[in-house]
Structure formats: structure tokens, C-alpha cells
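All heavy atoms count here, side chains included; hydrogens, waters and symmetry mates do not.
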Amino acid sequence: MLDIQLLRNNLAQVAERLATRGVTLDTVNFEALEAERKSLQTRTQELQAKRNTLSKQIGILKGKGEDAAGAMAEVAALKAELEAAEVRLPVLLAEMEEIVATIPNLPHESVPVGCDETANVEVLRWGTPRVFDFPVMDHVDIGAGLGLDFETAVKITGSRFALLKGGMARLHRALAQFMLDVHTTEHGYTEVYTPYLVNADSMFGTGQLPKFEEDLFQVIRADGSKLYLIPTAEVPVTNIVRGEIVDAAALPLKFVCHTPCFRSEAGSYGKDTRGMIRQHQFDKVELVQMVMPEKSGESHEALTGHAEAILQKLELPYRKIVLCSGDMGFSAAKTYDLEVWLPAQNTYREISSCSNFEAFQARRMQARFRGDSAVGKPGKPELLHTINGSGLAVGRTLVAVLENGQNADGSVTVPTALRPYMGGIEKLTYA
RNA sequence: GGAGAAGUGGCCGAGUGGUCGAAGGCACUCCCCUGCUAAGGGAGCAUCCGGUGAUAAACUGGAUCAAGGGUUCGAAUCCCUUCUUCUCCGCCA
């Protein structure tokens with residue numbers, strides 16, 4: 001959520017910056033609402049102040065045993081207008097809140113301007129795609145003999161789900177374990193385990209609601225209330241600090257969390273229908289940081305580096321992209337995508353997305369920190385900056401390991417770094 | 001699931017209709033005193049949203065005592081609903 005003050009005082013500039021994302025802000029409507037809000041709120045508070053003063057007088061008079069009829073008559077005269085104002089004001093405020101809640105974040109100055117993914121900028125390429133001396137297979141064909149089973153998943157649930165067996169299931173588990181170990185022991189993250197079902201407040205906090213409800217799976221309870229299946233661990237983990245005032249000395253907070261992620265993938269019919277690339281359920285190891293505002297830029301770079309370290313250790317060629325203004329997610333101020341090389345598609349595919357949200361999520365969540373003189377920031381609570389990124393998407397990493405490590409005989413070479421997690425085996429072979 | 005009890009500021013904890021945003025204590029910040037491992041004195045110290053102002057300082061209004069509704073001129077205090085926590089019983093991995 002943007003700062004309402006920014007909208008009030010710099011509406012034109014905000015609209016201009018939002019335009020680089022392809023978003024049109026209805027400034028005329030906003031200004032009209034704001035004018036009404038200002039006069040109504042001022043009037044309401046004026047009436048409330050009168051009522052409070054008179055009520056206090058009544059108390060004093062009655063305490064002294066004197067007649068309070070005059071003051072009570074005065075209050076009665078205010079009543080009708082005050083009640084009307086107290087009904088209208090919250091409606092108006094809610095209406096404005098609703099508008100502000102659906103405005104995306106402003107792009108950071110360093111973000112390239114552009115309207116779609118063609119304007120994204122590659123900033124780094126790591127590793128060299130392997131040259132194969134046999135026809136490459138995609139992960140579906142490689143996995144068919146190794147325990148990757150889509151037909152049975154369709155029977156159990158439906159399309160866009162997968163069943164993993166034997167070495168394939170172990171490889172999947174090994175990848176998650178490996179990532180967690182690297183991030184906790186080498187990058188200083190604290191591992192957390194969270195609920196996979198969250199309430200609407202949590203979804204609002206990270207920006208999935210109110211705009212993107214159709215992307216979420218919902219669970220309706222007997223009493224009619226509902227919970228949402230998390231689309232990413234970002235939601236429960238970031239909401240750890242919702243409504244909190246964190247001690248500045250405790251910053252930065254760095255969490256790593258392995259969870260399944262559930263996405264309805266509404267509107268993506270026909271896209272990546274084959275294989276494990278786009279599933280309704282997939283595992284991800286997520287990195288989340290809460291930091292002081294002036295640190296968020298460098299922390300974002302560092303966090304992206306932590307995700308890159310996994311790809312490097314697994315010897316998977318990748319490239320790093322900075323998303324342009326028009327291609328970023330709703331809450332992000334700046335985003336790097338990491339794309340891994342998939343030989344069967346002869347291209348790089350997204351495997352991680354690392355974003356700096358600045359105060360956008362923190363403002364929705366009222367997640368703050370209190371400075372102290374030890375860190376040179378005494379005084380008032382201040383909004384945190386939040387950063388997160390995949391470190392990495394486990395399912396897509398599995399795909400990358402299978403495709404990049406495939407051999408002519410249908411076996412798959414296990415990356416060296418992963419072997420301790422695979423009982424030391426060097427190759428996955430048909431069992 | 002059943003029966004009871006409770007939810008107050010960063011923490012502990014008073015407060016059962018009026019001058020209470022809220023005593024007292026702890027923690028924290030500043031000042032003074034003292035001087036050696038610890039103590040004494042004084043002051044300050046909630047958050048959110050408004051108004052005037054320079055998106056400053058300052059002044060000022062409103063809201064907030066789990067959340068939402070209600071009664072009342074006036075609610076932390078009374079009533080209703082919900083949530084959470086604790087104790088006992090039941091059930092369960």
C-alpha cells in the first residue's frame with residue numbers, strides 16, 4: 001500500500017510513476033473523494049469535540065448536584081448531524097481505502113521502464129549450457145523411468161499435479177534439505193515452519209488480497225468463514241511481523257522456510273501444460289528479510305545472491321534478469337528473476353523471483369521497528385522494509401537437475417553438492 | 001466437543017458509568033548527585049488518523065483498554081456476538 005499522504009500531496013507524480021507500470025490512476029475521482037473526506041472528517045471531529053466537552057461538563061455538574069439540563073439539551077441538538085456524519089465517514093474512508101489497496105507499488109528509480117517482459121534487462125549470465133552429443137529429452141521423458149508419474153496424480157486429484165516415487169521423491173526431498181542447510185549455515189537465515197492455511201488479513205498484508213483472490217485456493221469452514229492455502233511461504237513468514245514493533249537491535253530478521261505452495265493458475269490454461277513447470281502444488285524454499293529502510297537495497301542484492309548460490313552449487317547455468325516497470329508484481333518496487341537453463345526447451349526459465357517491497361507490505365501490515373540510540377535512530381516507530389525471494393522453487397530445480405544432468409542411457413547424474421543428501425549415489429537410474 | 005476463568009500501554013499490574021489514554025512498578029531516554037560494581041534524586045516516555053504549519057518544530061482535535069455491535073449526554077467499566085488464552089473433563093497424531 002502506498003502512503004496516503006503521498007497520494008494527497010503528490011498525486012500527479014504518483015500517477016506518472018504508476019503509468020510506467022501500465023496502471024492508470026483516476027486522479028479526478030481520487031481528488032473528489034479526498035475533498036469530501038477532508039471536510040467530512042473535520043466536521044465530524046468538530047462535533048465529537050463539542051460532545052466530549054459538554055459530556056464532561058454534565059459529569060462535573062452532576063457531581064456537584066447541580067442541574068445539567070442545559071448542557072444535555074445542547075448535546076441533543078448535535079446528535080442528528082453527528083450520527084449522520086459518524087455513519088458516512090467510515091463508508092467514505094473505506095471507499096478510499098479500497099482504492100488505495102488496489103494501487104500497486106511504485107517502481108524503484110533503478111528499474112528499467114517498459115510495458116512487458118520484452119523490456120526486461122539481463123544483468124548476468126552464469127555457467128555454460130552443456131553441449132549434448134545425443135538427442136536431449138525433457139524432464140517428463142527422463143522422469144518417466146525414474147519415478148515421475150503424472151497419470152496417477154491425475155487419477156488422484158486432476159491435472160497440474162505430480163506424483164514422485166523412489167529416487168525421484170528422494171531427489172525432491174534432497175533438494176529442499178540442501179537449500180535449507182545452505183541458507184541456515186552459510187547465509188545466516190533462521191529456519192521457520194509455518195501454517196499452510198492463512199486468514200484474509202495475512203493475504204491482505206502481503207498484497208494477494210483484495211486484488212488476486214482468483215489465484216488462490218480457498219478452504220470454506222463449517223461456520224462459513226474461509227481460509228486460504230498459501231501461494232508462497234512469503235505470506236505466513238512476512239506476516240510474522242504484522243502489527244509488531246520490532247526492536248531495532250534485532251534487525252535484520254532473516255527467515256528461510258520450506259513449504260508447499262498452492263496456486264490455482266487461473267488464466268494460464270494452455271500454458272506449460274506438460275510436465276512440472278506449472279503446477280497447482282509445488283514446493284519452494286523461500287527467503288524473507290525484514291530490514292531498516294536504508295538497508296533494503298543492499299539486502300535485496302544479497303538475498304538474490306543467496307538464491308544464486310544454490311544454482312551455482314548445483315552447477316546449473318542461469319541468468320539474472322531485472323524486471324522492467326511493467327512486468328513486476330503488484331507489491332514489488334524492484335525484482336530480479338533468476339532463470340535456469342532448460343536444455344529441452346533450449347531456453348532459460350524462471351526458477352526464482354527476488355523482490356524488494358520497500359514499505360509497501362509493511363504499511364499494509366503495520367509492521368514497524370523502533371529505533372534506539374545504539375543504532376542511531378531513536379524515537380518513533382518506523383515502517384520496516386520487506387524483501388523476499390525463492391531460494392529456490394524445488395519442483396523447477398528438480399526439472400533443471402534432470403534435464404541438465406541427463407545421460408544417453410536415460411540415467412541422470414546427481415550434482416556433487418547433492419550427493420550427501422542422496423546417500424552418496426552419483427546417478428539416478430531406472431530401478 | 002463440554003464446564004469454568006480471563007484478555008488493559010514494550011512488560012507486570014490497578015481501575016465496575018463522569019475531570020481516565022488510564023494509578024503504581026519494571027524497562028528505556030535525558031539531567032543531577034554519588035563513587036566502585038551497586039545505589040539515590042528529578043524529568044520524560046503508547047499507537048493510529050486528522051487540522052493549522054514547510055510532508056519541520058510546535059500547537060491542536062478525534063479514535064484506540066482483544067475484535068465487532070448495542071445501551072447512555074457520557075463506557076476500560078453495563079449488555080450481546082465473535083476471537084484468543086488458561087484450568088478441568090472428553091477426544092486425538
Side-chain angles (χ1 to χ4, degrees), chain A residues 1-14 17 33-101 106 193 195-202 204-205 221-227 239 241-251 293 359 362-384:
Chain A
M1 201 155 63
L2 297 179
D3 186 356
I4 187 97
Q5 300 292 353
L6 192 67
L7 288 161
R8 284 177 188 150
N9 301 320
N10 300 70
L11 190 61
Q13 289 94 315
V14 170
R17 288 176 70 187
L33 287 170
E34 168 58 14
E36 192 189 347
R37 181 234 113 220
K38 190 164 176 173
S39 68
L40 181 57
Q41 183 162 13
T42 309
R43 181 62 181 156
T44 306
Q45 293 190 354
E46 196 181 304
L47 292 168
Q48 286 170 330
K50 273 188 194 161
R51 180 204 58 200
N52 290 348
T53 312
L54 288 167
S55 290
K56 203 167 267 188
Q57 276 175 24
I58 292 167
I60 293 168
L61 288 171
K62 287 199 168 177
K64 288 194 260 183
E66 289 173 24
D67 177 33
M72 288 181 75
E74 270 190 73
V75 176
L78 301 176
K79 199 171 178 171
E81 190 187 350
L82 180 56
E83 275 182 359
E86 282 184 334
V87 168
R88 241 169 73 218
L89 183 60
V91 173
L92 183 61
L93 290 176
E95 198 181 326
M96 294 188 74
E97 182 93 23
E98 215 178 296
I99 292 171
V100 177
L106 299 178
Y193 170 83
Y196 300 157
L197 287 164
V198 302
N199 58 36
D201 285 344
S202 294
F204 180 85
R221 290 196 279 190
D223 66 359
S225 67
K226 64 182 167 188
L227 294 172
N239 275 279
V241 294
R242 171 154 56 85
E244 301 291 325
I245 299 176
V246 180
D247 199 347
L251 299 177
R363 188 171 292 109
R364 295 168 86 89
M365 294 190 296
Q366 276 304 301
R368 294 164 295 170
F369 70 95
R370 190 188 301 278
D372 60 49
S373 30
V375 292
K377 298 191 90 178
K380 302 205 75 175
E382 202 178 327
L383 292 170
L384 289 162

Residue pairs fulfilling side-chain hydrogen bond (donor to acceptor under 3.5 Å, both in side chains) with at least one residue in residues 85-96 of chain A, sequence neighbours excluded: A:Q48-A:E86
Please set out all donor-acceptor pairs under 3.5 angstrom arising from side-chain atoms of residues 53-60 of chain A, sequence neighbours excluded.
residue	atom	partner	partner atom	Å
A:T53	OG1	A:A49	O	2.7
A:S55	OG	A:R51	O	3.1

Identify each donor-acceptor pair in which a side-chain atom of residues 70-82 of chain A lies under 3.5 Å from a protein atom, sequence neighbours left out, and give them as a table.
residue	atom	partner	partner atom	Å
A:E81	OE1	A:R43	NH2	2.8
A:E81	OE2	A:R43	NE	2.7
A:E81	OE2	A:R43	NH2	3.2

Look for any protein N or O under 3.5 Å of an N or O in nucleotides 12-22 of chain B and output each such pair with its distance, or none.
residue	atom	partner	partner atom	Å
B:rG18	N2	A:S55	O	2.8

P gap between B:rU8 and B:rC86, integer Å: 14 Å
Whole angstrom value for the distance that separates P of B:rG50 from CD of A:E36: 16 Å
Between C1' of B:rU47 and CD of A:E382, the distance in whole Å: 15 Å
Distance between P atoms of B:rC79 and B:rC26 (Å, rounded): 35 Å
Whole angstrom value for the distance that separates C1' of B:rA56 from CD of A:Q5: 14 Å
By side-chain hydrogen bond (donor to acceptor under 3.5 Å, both in side chains) - contacts of A:T44 (at least two apart): none
Comparing A:E86 and A:E34 on RNA chain B - which has the more 5′ nearest nucleotide: A:E34
Contiguous pairing runs of three or more, Watson-Crick or G-U under 3.5 Å, that involve RNA chain B: B:1-7 with B:83-89, B:10-12 with B:24-26, B:28-32 with B:40-44, B:46-52 with B:58-64, B:66-70 with B:78-82
Separation between the P atoms of B:rA63 and B:rG70, rounded to whole Å: 16 Å
Donor/acceptor link under 3.5 angstrom from A:N10 side chain onto base of B:rU55: yes
Interatomic distance at P, B:rG15 relative to B:rC78, whole Å: 13 Å
Between B:rU16 and B:rC32 - P atom distance, rounded Å: 42 Å
Integer angstrom distance from the C1' of B:rU37 to that of B:rA56: 44 Å
Span that lies between the C1' atom of B:rG40 and that of B:rU34, in whole angstrom: 8 Å
With the criterion being N/O to N/O and under 3.5 Å, what pairs connect the protein with nucleotides 7-10 of chain B, and how long is each?
none

Presence of A:R8 side-chain N/O under 4.0 Å of B:rG51 phosphate oxygens OP1/OP2: no
Partners passing salt bridge (charged side-chain N to carboxylate O under 4.0 Å, His left out) against A:R363 (at least two apart in sequence or in another chain): none
For A:Q45, all residues meeting side-chain hydrogen bond (donor to acceptor under 3.5 Å, both in side chains), sequence neighbours excluded: none
A:L383 CG - B:rU47 P separation (whole Å): 13 Å
Sugar-phosphate only, base, or nothing, as touched by A:N52 at under 4.0 Å among non-hydrogen atoms: sugar-phosphate
Separation of the P atoms in B:rC83 and B:rC45, to the nearest angstrom: 39 Å
RNA chain B-proximal residues of residues 38-49 of chain A, any heavy atom under 4.0 Å: A:K38, A:Q41, A:Q45, A:Q48, A:A49
Test item: A:R364 side-chain N/O and A:R242 main-chain N/O as donor-acceptor pair under 3.5 Å: no
Separation of B:rG50 P from A:L33 CG (nearest whole Å): 15 Å
N/O (side chain, A:R363) to phosphate O (OP1/OP2, B:rC48) under 4.0 Å: no
A:L93 backbone acceptor or donor facing A:R37 side chain under 3.5 Å: no
Nucleic acid contacts - residues 68-77 of chain A versus RNA chain B, non-hydrogen atoms under 4.0 Å: A:M72, A:V75
Non-neighbouring partners of A:K50 that pass side-chain hydrogen bond (donor to acceptor under 3.5 Å, both in side chains), sequence neighbours left out: none
Sugar-phosphate only, base, or nothing, as touched by A:L93 at under 4.0 Å among non-hydrogen atoms: nothing
Integer-rounded Å distance: B:rG74 P and A:K50 NZ: 16 Å
Atom pair distance, as rounded to whole Å: CZ in A:R242 and C1' in B:rA66: 14 Å
Value in whole Å for how far the P atom of B:rC83 lies from CG of A:D201: 15 Å
